[in-house]
Peer 1: 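Quick one: structure below, then a few questions.
Letters A, B, ... mirror the listed sequences (proteins, then strands); counts begin at 1. Given the structure is predicted, the values throughout are model-derived calculations rather than measurements. Just so you know, these numbers use all the heavy atoms, side chains as well, and skip hydrogens, waters and symmetry mates.
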There are 2 protein chains.
Amino acid sequence: MRTVFEKPDAIALVAEVFRECGYEGASISTITARTRLSKGSLYHFFPGGKEQMAAEVLAHVDAWFAREIFVPLETAEPHQAIAQMWTAVEDYFRSGKRICLIGAFALDETRDRFAKPIRSYFERWTNALEAALTRNGTPAGDGRQLAEDAIASIQGALVLARAMADETIFERSLGRMRLRLASHAT
Amino acid sequence: MRTVFEKPDAIALVAEVFRECGYEGASISTITARTRLSKGSLYHFFPGGKEQMAAEVLAHVDAWFAREIFVPLETAEPHQAIAQMWTAVEDYFRSGKRICLIGAFALDETRDRFAKPIRSYFERWTNALEAALTRNGTPAGDGRQLAEDAIASIQGALVLARAMADETIFERSLGRMRLRLASHAT
DNA sequence: CATCGTATAGACCGATCGGTTTAGTAACGC
DNA sequence: GCGTTACTAAACCGATCGGTCTATACGATG
């Protein structure tokens, strides 16, 4: 039997395994088992092995957020860009059933391996949100803090939703944060 | 050469390794290397192996939070108990340089292994904080949401602080949340 | 149809995994 | 001093780790 994959498919499949298992928890054999890609295919696409797989997965996630969230926040009409951010986030994390791979990598020592992409992902997100809030009329001093609160809320809600196995927590938490951001505009 | 340990010391040492590496990332040999406990000692204290080590570490963390935070929130004068919670949290996580082991375990599949302790830790915390807020005069409907927001903020701030390698984020985020809780009392 | 490059399957490798066993050494009750 | 218990050190085990390699299947191009 022989199934043919393309590299973009491979990245998406591998991403899901890292998301579920973490970097250390995702062994090559669990990756082959869950993605149905053989070792040969994996090392064909990612000659650099597990580290390259994770690096490309991080880049792939970052690119998605850049396209759907960061760029709109940076360039589009702020009110609409912020609204789009909330729907994109809710959609992406599937009510907290899916976690933030980059946030998860940040917690243990795999952070050191991928420090730069992890850091720039969160920095770009907070900077972009702060800029959009400011353009939207949020008072000067409040923008930075609200942006940090919003992104921390998202990350924290993911932890809580998984820990308590309760999807409603994620949506409720996001709903409240969305209102807080809106209420600080002029 | 021979060094003698007691089990409580062993638990605290092993806890730090799990905190830094995660469950899967903490191999027995990294544990022996970082704790200076030999395999013999480890399996003497924890005959159930790695899983027992993690289970006892989780119980140890839970006991600390119960003593320093949950019980005060549940039984002591609410205003003071909430103040004590914030100082205990800031102290425990060392300005975000230390992460929440239980939150980190919740993110990947190790959650399934320790679902019960993880869940009950967060449930007790939110319930205790909600009860204290209510006793402190927070309007009926707001208590639950504020409690969830506060704990999610803490978890999220830990992610952000580590991701951006910026300790100030944790303290600023906690400072804001503390004010929000206080401002909702009567 | 022949050929050639791309991609897949899976045997195979040394190293490390979690865990067991054996052989102790120190501290304490008597 | 003598046994017993509590604890440690390290050799050792099969399984699994990340990674390599060979063989082959397939689509595109001639």
Peer 1: To the nearest 0.5 Å, how far apart are CZ in B:R176 and CD in A:E148?
Peer 2: 5.0 Å
Peer 1: Cut-off 3.5 Å, side chains only: do A:N136 and A:T138 have a donor facing an acceptor?
Peer 2: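 No pair is found: no donor N or O on one side chain lies under 3.5 Å from an acceptor on the other.
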Peer 1: Using whole Å, report how far CD of A:Q52 lies from P of D:dT20.
Peer 2: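 These atoms are roughly 11 Å apart.
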Peer 1: What nucleic acid atoms does A:G49 come within less than 4.0 Å of, heavy atoms only: base, sugar-phosphate, or nothing?
Peer 2: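 Contact class for A:G49: sugar-phosphate only.
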Peer 1: For the CD atom on A:E123, are there more than 12 heavy atoms of other groups (residues, nucleotides or ligands in this structure) within a distance under 6.0 Å?
Peer 2: yes
Peer 1: Relative to the 5' end of DNA chain D, which residue comes earlier, A:T30 or A:P47, by the nucleotide with the nearest heavy atom?
Peer 2: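 So the residue in question is A:T30.
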Peer 1: For A:E51, look at atom CD and say whether over 12 heavy atoms of other residues, nucleotides or ligands are found less than 6.0 Å away.
Peer 2: yes
Peer 1: Rounded to the nearest Å, what distance is computed from the CD1 atom of residue B:I28 to the C1' atom of nucleotide C:dC17?
Peer 2: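 Taking atom C1' of C:dC17 as the reference, CD1 of B:I28 is at 9 Å.
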Peer 1: Would you indicate which nucleotide in D:dC17, C:dT8, C:dC17 comes nearest to any side-chain atom of A:H44?
Peer 2: C:dT8
Peer 1: Tell me, which of residues 11-21 of chain A have any heavy atom that sits under 4.0 Å from an atom in DNA chain C?
Peer 2: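 Contacts with DNA chain C under 4.0 Å: none.
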Peer 1: What is the distance, to the nearest angstrom, from the CD1 atom on B:I31 to the P atom on C:dG18?
Peer 2: 7 Å
Peer 1: Rounded to whole angstrom units, what separation is found between the CG atom of B:L42 and the C1' atom of C:dC17?
Peer 2: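 Computing the B:L42:CG to C:dC17:C1' distance gives 15 Å.
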Peer 1: Taking atom P of C:dC17 as reference, at what distance in whole Å does atom CD of B:E24 sit?
Peer 2: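 Atom CD in B:E24 sits about 12 Å away from atom P in C:dC17.
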Peer 1: Nearest-nucleotide wise, let me know which of A:Y23 and B:F45 is further upstream toward the 5' end of DNA chain D.
Peer 2: B:F45
Peer 1: Within the 4.0 Å heavy-atom criterion, would you say B:S38 contacts the bases, only the backbone, or no part of the nucleic acid?
Peer 2: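 Touches a base.
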Peer 1: Locate the shortest heavy-atom distance separating A:L107 from B:R162; write the atom from each residue and the value.
Peer 2: O-NE, 3.0 Å
Peer 1: Got a second to check how far A:R135's CZ is from A:T75's OG1, nearest 0.5 Å?
Peer 2: 7.5 Å
Peer 1: Once you round it to whole Å, what is the distance between C1' of C:dT6 and OH of A:Y43?
Peer 2: 20 Å
Peer 1: Passes salt bridge (charged side-chain N to carboxylate O under 4.0 Å, His left out), B:K97 versus B:E90? Steps please.
Peer 2: CA-CA 10 Å; B:K97 278 192 295 245; B:E90 209 153 319; over 6 Å; no
Peer 1: Looking only at the side chain of B:S41 (C-beta and beyond, no hydrogens), which of the listed nucleotides C:dT8, C:dG18, D:dA9 gets closest?
Peer 2: D:dA9
Peer 1: Tell me the interatomic distance from A:E6, atom CD, to D:dC26, atom C1', rounded to whole angstroms.
Peer 2: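 To the nearest whole Å, that distance equals 13 Å.
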Peer 1: What nucleotide among D:dA6, D:dT20, C:dC17 has an atom nearest to a side-chain atom of B:S27?
Peer 2: C:dC17
Peer 1: Starting at NZ of A:K50 and ending at P of D:dG18, how long is that distance when rounded to a whole Å?
Peer 2: 4 Å
Peer 1: Look at all strands and tell whether A:A26 reaches a base, only sugar-phosphate, or nothing, counting heavy atoms closer than 4.0 Å.
Peer 2: sugar-phosphate
